[in-house]
Asks: 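First, the structure itself, so that you have it in front of you.
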2 protein chains.
Amino acid sequence: MNEETLQQALRTADNLCTQRGVRFTAQRRRVLELICRAERPIGAYEILDQLRAGAKAAPPTVYRALDFLLEQGFVHKLETLHAFIGCTHPEHPHASQFLICSDCGRVKELEDEAIAGSLRALEDANGFRPKRPVIEVIGTCAHCTHRHTQS
Amino acid sequence: MNEETLQQALRTADNLCTQRGVRFTAQRRRVLELICRAERPIGAYEILDQLRAGAKAAPPTVYRALDFLLEQGFVHKLETLHAFIGCTHPEHPHASQFLICSDCGRVKELEDEAIAGSLRALEDANGFRPKRPVIEVIGTCAHCTHRHTQS
DNA sequence: TCGTTTTCGGAATATTATAACCCCTGGGGA
DNA sequence: TCCCCAGGGGTTATAATATTCCGAAAACGA
Ligand SMILES: [Zn+2]
Ligand SMILES: [Zn+2]
Ligand SMILES: [Zn+2]
Ligand SMILES: [Zn+2]
C-alpha cells in the first residue's frame, strides 16, 4: 500500500469512527497504519515489535487495538495464518474470501457473489444461521505459478 | 459416535493404511480413537490429557499422531477452533465445508458441489492454484435455533 | 544379520492469546 | 465544584497452542 492509499485508508477509518460514535485513538490508528503498511498479513507480535520501536507496549495493547479494528471491520483476521490484513472496503460490513499464496505470502481479498450464494443455500438447507464465515484458500498465486514454470 | 461406528472407523483407517503402505501404529490408533469418541471437536491438549491417563506423553506425541492422521485424511483440523474432528468419509481425499455451532459446539461436515464449483471458478479467474481450502462457518445450528425460539 | 529409516520419549522453547489489576482521563450530572 | 462512571490503556503474569531438538528404540529392507 503506497503512502497516498494509506492516508486515504486512515481518513476513511477516522470518518467511519466519527459516524459510528466510537473513538479512533492514537493507539488504534497506529496499529491500523502498521497493518496497512505491511504488504502481507502481519502477526500480532510483529505489530508489537514495531510498536515497541516507538514506545513501551505489551501484548494486550496490540490485542485491544486489534479487537477494535476487527469489530469496526477495518481489518480481517486470517485464521490459517494467525495474522491480520487491512480490509480493502471497510465502508460496509461484508463476508469475503481470501486467496493466500503460501509461496510469496500475498493475500487477495475477494467478495464473490456466487460463493456467498452457494454458502447461503448450504446454510438454508441445514437450517444453520451463520454468524461468521471463514473462507481461506491456501495455494499458489498466478504470479508465483508463472515464476515456477519459467525456472 | 457409538461403539460400533467407532470400531468400523478404526478398521477403515487400518485398511487404508495397509493399502497405502503406511503404519497405523498403536499411538496413532489411540489418538484417532480419542478424536472419534469425542462428540465435538477436541483440542490437542485435551487429547494429551486423555493419553496421559494411560501412559506418559508430551505435546510432540500428540502432534505427531495428528500430523499423520491429517495427512492420511482421517481427521480434519478446524482452524477457527484449534481443534480436530474425525472425517466422515476418509476413503477419498476431499475438500469439505464445516458448519460449526457456537452454541452447542457440534460440527457438521459437508461436501457441497455448488460451493466447490464456485470456489474453482473463483480460483480459475484469479489464476490461483489451490492446495488447501478452509471453509468454516460459525453460527447456530438448527437444533439450537429451535431451542432458542421455544424458550 | 546389518544398516537404514521411521517412530517415539522427553525436555525445552516458541508462538499466540487472555486474565486480572490498577490508574488515568473526560464527560455528565448533583 | 465535586462526585461518579465508563472507556481506554499500562503492566505483570499466565494460559493455550505448537514446534525444535536430541537421542533411543523399533520396524523395515536386503
Ligand atoms: Zn474486507
Ligand atoms: Zn505468490
Ligand atoms: Zn472429511
Ligand atoms: Zn447447536
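Labels below follow one simple rule: chain letters A, B, ... track the order of the sequence lines, proteins then strands, and each chain is numbered from 1.
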Asks: Would you compute the distance between atom CZ of B:R28 and atom CG of B:L32 and round it to the nearest 0.5 angstrom?
Replies: 12.0 Å
Asks: Between B:L81 (CG) and D:dA18 (P), how many Å, whole number?
Replies: 11 Å
Asks: Under 4.0 Å from OP1 or OP2 of C:dG26: is there any side-chain N or O of A:R23 that close?
Replies: no
Asks: Tabulated below should be each protein N or O lying under 3.5 Å from an N or O of nucleotides 10-13 of chain C; please produce it.
Replies:
none

Asks: Sort out for me which residue in B:L110, B:I138, B:T140 forms a side chain to side chain contact (heavy atoms under 4.5 Å, CB included) with B:L99.
Replies: B:L110
Asks: Over how many whole Å does the gap from B:F24 atom CZ to D:dA27 atom P extend?
Replies: 16 Å
Asks: Does C:dT15 have OP1 or OP2 sitting under 4.0 Å from an N or O in the side chain of A:H82?
Replies: no
Asks: B:L48 has an atom CG; how far is it from atom P of D:dT19, in whole Å?
Replies: 14 Å
Asks: Quick test of your reading of the model: are B:E113 and B:R120 salt-bridged, counting only N-O distances below 4.0 Å?
Replies: yes
Asks: Are the aromatic rings of B:F98 and B:H76 close, with centres under 6.0 Å apart?
Replies: yes
Asks: Using heavy atoms to find the nearest nucleotide of DNA chain C for A:D67 and B:T25 separately, return the residue whose nucleotide is more 5′.
Replies: B:T25
Asks: Rounded to whole angstrom units, what separation is found between the CZ atom of B:R28 and the P atom of C:dG9?
Replies: 11 Å
Asks: What is the distance from CG of B:L70 to C1' of D:dA18, rounded to the nearest Å?
Replies: 13 Å
Asks: How long is the line joining CG of B:L66 and C1' of D:dT19, in whole Å?
Replies: 13 Å
Asks: Whole-Å distance between D:dG7 P and A:R20 CZ?
Replies: 18 Å
Asks: Check for me whether B:R29 meets the cation-pi criterion with B:F24, that is, NZ or CZ under 6.0 Å from the six-membered ring centre and within 45 degrees of the ring axis.
Replies: no
Asks: Answer yes or no: is there an ion pair linking B:R40 with B:E46, defined by an N-O contact shorter than 4.0 Å?
Replies: no
Asks: Could you tell me how far apart A:E46 (CD) and C:dT16 (P) are, to the nearest whole angstrom?
Replies: 8 Å
Asks: Ignoring backbone atoms, test whether B:Y63 places a side-chain nitrogen or oxygen under 4.0 Å from the OP1 or OP2 oxygen of D:dA18.
Replies: yes
Asks: Should the ring pair A:H82 and B:H82 be called parallel, tilted or perpendicular, given that the plane angle runs from 0 to 90° and is split at 30 and 60?
Replies: parallel
Asks: Of all the heavy-atom pairs spanning A:R20 and A:E91, show the shortest one and how long it is.
Replies: NH2-O, 3.9 Å
Asks: Measuring from A:L70:CG to A:R132:CZ, what's the distance to the nearest 0.5 Å?
Replies: 8.5 Å
Asks: To the nearest 10 degrees, what angle separates the axes at the start and end of the helix from C:dT1-D:dA30 to C:dA30-D:dT1, five pairs each?
Replies: 30°
Asks: Under 4.0 Å from OP1 or OP2 of C:dT16: is there any side-chain N or O of A:K77 that close?
Replies: no
